[in-house]
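Structure first, then comments.
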Amino acid sequence: MDLKCIFSLVIIVSRISLSFTQNVNVVIQGSTSVAETDDNFVCATLDWWPTEKCNYNQCPWGKAGLLNLDLKKKVLINAIKAFNSLRIKVGGSLQDQVVYGVGEVKNCPNFMKKEGSLFGFSQGCLPVDRWDELNNFFIQTGVKVTFGLNALLGRNESQSEKGLWVGDWNSQNARDFMKYTISRGYKVDSYEFGNQLSAAGMGARVEAEQYGKDVIVLKNMVKELHPEPKTQPKVLGPSGFYDEKWFSSFLEVSGQEVVDGVTHHIYNLGPGDDLNLITKIQDPSYLNQVAQTYRGVFNIVNKFKPQLGAWVSESGGALQGGAKDVSPTFADGFW
């Protein structure tokens, strides 16, 4: 059945000595859907960044990182509840340097500034009591949780190629973390494997074939620990910037029924210190360029895994904490 909506519009044209109004009818036939958006379209990330994280002579994170965030703040709780329900992604740039304080991990250090390390920080840890606090917060606010796993454990940086990490993924810490999560009855909707390791990567990268093999290991582990299909968390990846060749290789190696969602990131405004950012953000032709990325991901997914959806699992407009005089303003809404 056709759905018809009729709007009466008033068009006003103003000139120096002339103004007039004209009533028009616009008929919209709703017989065919152009796209479908699920109920959990809106997503927010709880990131790992510590207070010491700075970019462009500013240190904006304060106590907003997930290890420092005040989880009892009423305004935060009520804002999240209002989405009914919001998807929360636990992850970000430092997730591939995080170990989980369970199983054989006895020493659980905080992130520390460290020259020469990935993103300028040492390895950090998620203490088990903080994971308990976070889950109490998730239960209270009714969110769906996507957890970003460390995909660099067990690997080493290549001696011959800077930024390339080689070797098989060590899944033991992730296994212990999942077992603890299950034992406490905590619900994780999906696990995302690594952060921005695809193609050229951000700080670190993994070859597509290796990543595909390791995602199969993760999928088998999730199925083993969650034998009931109805309550089994999804497996998502690669959680990075789109590159046709890399994504094609990854999906070909991983095969069917491994990843449940193909995830990618969008930061189409570039770095936050770009002096032309305010011009870019108000230019429709510039903003529309991102359609090429969406089209590319859509085509790759349809080619290899047409039953899946493409997810934007992280997006922030401007890279590395945003732009001081643009990101927290009204203009940021345009991108």
Side-chain angles (χ1 to χ4, degrees), residues 43-73 75-76 79-80 86-101 108-131 133-135 137-138 141 143 145-153 163 165 173 177 191-198 201-205 239-241 263 265-267 269-274 277 312-328 332:
C43 171
T45 298
L46 287 182
D47 212 308
W48 292 98
W49 289 120
T51 303
E52 296 81 11
K53 168 62 176 173
C54 303
N55 285 103
Y56 321 128
N57 298 316
Q58 57 174 331
C59 306
W61 280 91
K63 298 290 185 180
L66 68 89
L67 294 175
N68 301 312
L69 185 65
D70 181 359
L71 301 175
K72 296 180 180 178
K73 190 172 286 187
V75 66
L76 177 64
I80 292 175
L86 181 69
R87 179 180 296 278
I88 291 285
K89 173 184 170 177
V90 179
S93 298
L94 292 182
Q95 79 179 51
D96 294 304
Q97 295 166 248
V98 178
V99 294
Y100 318 117
C108 201
N110 292 323
F111 287 110
M112 303 289 289
K113 278 195 168 185
K114 185 178 180 182
E115 290 240 1
S117 293
L118 200 57
F119 300 109
F121 283 91
S122 65
Q123 180 176 275
C125 180
L126 174 60
V128 70
D129 56 349
R130 185 58 173 177
W131 183 231
E133 292 169 359
L134 283 163
N135 276 279
F137 176 74
F138 298 152
T141 52
V143 301
V145 178
T146 292
F147 191 91
L149 290 169
N150 181 343
L152 290 184
L153 271 178
W165 287 63
N173 190 225
F177 176 73
Y191 286 103
E192 192 170 33
F193 190 52
N195 185 78
Q196 295 178 348
L197 301 174
S198 59
M202 285 288 286
R205 67 185 183 89
S239 186
F241 294 110
T263 56
H265 293 183
I266 294 288
Y267 285 93
L269 295 176
D273 62 347
D274 185 350
L277 202 65
V312 178
S313 64
E314 188 180 312
S315 181
L319 279 165
Q320 298 175 331
K324 181 182 178 183
D325 298 319
V326 178
S327 296
D332 189 61

- request: Go through the structure and list residues passing ring-ring contact (aromatic ring centres under 6.0 Å, His included) with Y191, not counting sequence neighbours.
  value: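 Listed in chain order: nothing, the list is empty.
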task: List for me each residue that meets ring-ring contact (aromatic ring centres under 6.0 Å, His included) alongside Y100, sequence neighbours excluded, and say none if there are none.
output: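 With neighbours one apart ignored, the set is F147, F177.
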Partner set under salt bridge (Lys or Arg N to Asp or Glu O under 4.0 Å) for D274, not counting sequence neighbours: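 Counting only residues at least two positions away or on another chain, D274 forms a salt bridge (Lys or Arg N to Asp or Glu O under 4.0 Å) with K280.
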Can you confirm whether [X] sits close enough to [Y] that some side-chain heavy atom of one is under 4.5 Å from a side-chain heavy atom of the other?
{"X": "Y267", "Y": "M202", "result": "no"}
{"X": "D70", "Y": "L76", "result": "no"}
{"X": "N173", "Y": "N150", "result": "no"}
{"X": "E52", "Y": "C59", "result": "no"}

Could I get the full list of side chain to side chain contact (heavy atoms under 4.5 Å, CB included) partners for [X], not counting sequence neighbours?
{"X": "S198", "value": "P238, W246, F247"}
{"X": "L134", "value": "L46, L66, L71, L126, R130, W131, F138"}
{"X": "N55", "value": "K53, Q320"}
{"X": "V312", "value": "H264, I266, Y294, S315"}

Looking only at heavy atoms, which two atoms of [X] and [Y] are closest? And how far apart?
{"X": "L277", "Y": "P271", "answer": "CD1-O, 4.3 Å"}
{"X": "T263", "Y": "S239", "answer": "OG1-N, 2.9 Å"}
{"X": "A323", "Y": "A318", "answer": "N-CB, 4.2 Å"}
{"X": "P50", "Y": "W61", "answer": "O-CB, 3.9 Å"}
{"X": "S313", "Y": "T45", "answer": "O-OG1, 4.4 Å"}

message: Rounded to the nearest 0.5 Å, what separates atom CD1 in I80 from atom NZ in K73?
response: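 The NZ atom of K73 is 11.5 Å from CD1 of I80, to the nearest 0.5 Å.
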Nearest-0.5 Å distance, CD of residue Q123 to CG of residue L152: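 If we round to the nearest 0.5 Å, Q123:CD and L152:CG are 10.5 Å apart.
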Could you give the side-chain donor-acceptor pairs of residues 88-97 under 3.5 Å, partners two or more places apart or in another chain?
from, atom 1, to, atom 2, distance (Å)
K89, NZ, E192, OE1, 3.2
K89, NZ, E314, OE1, 3.4
Q95, OE1, G92, N, 3.1
Q95, NE2, L149, O, 3.0
Q95, NE2, G194, O, 3.1
D96, OD1, A151, N, 2.8
D96, OD2, N195, N, 3.0
Q97, NE2, L118, O, 3.2
Q97, NE2, F121, O, 2.8

field: Non-neighbouring partners of N135 that pass side chain to side chain donor-acceptor pair (under 3.5 Å), sequence neighbours left out
entry: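 Not a single residue meets the side chain to side chain donor-acceptor pair (under 3.5 Å) criterion with N135.
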query: How would you list, by chain and number, every residue that makes a side chain to side chain donor-acceptor pair (under 3.5 Å) with R87, sequence neighbours excluded?
result: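 Result, side chain to side chain donor-acceptor pair (under 3.5 Å) vs R87: T146, D189.
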query: So does N68 have more than 12 non-hydrogen atoms from other groups sitting under 6.0 Å from CG?
result: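 Check passes, neighbour count above 12.
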field: Derivation and outcome, side-chain contact (heavy atoms from CB on, under 4.5 Å), residues F111 and V98
entry: CA-CA 9 Å; F111 287 110; V98 178; 3.5 Å; yes
task: Just jot down the disulfide (SG to SG under 2.5 Å) partners of C125, sequence neighbours excluded, or say none.
output: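 Expected list: C108.
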- prompt: Any donor and acceptor pair, going by atom type alone, linking the side chain of S122 with main-chain N or O of K114 inside 3.5 Å?
  reply: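 No, S122 side chain to K114 backbone: no donor-acceptor pair under 3.5 Å.
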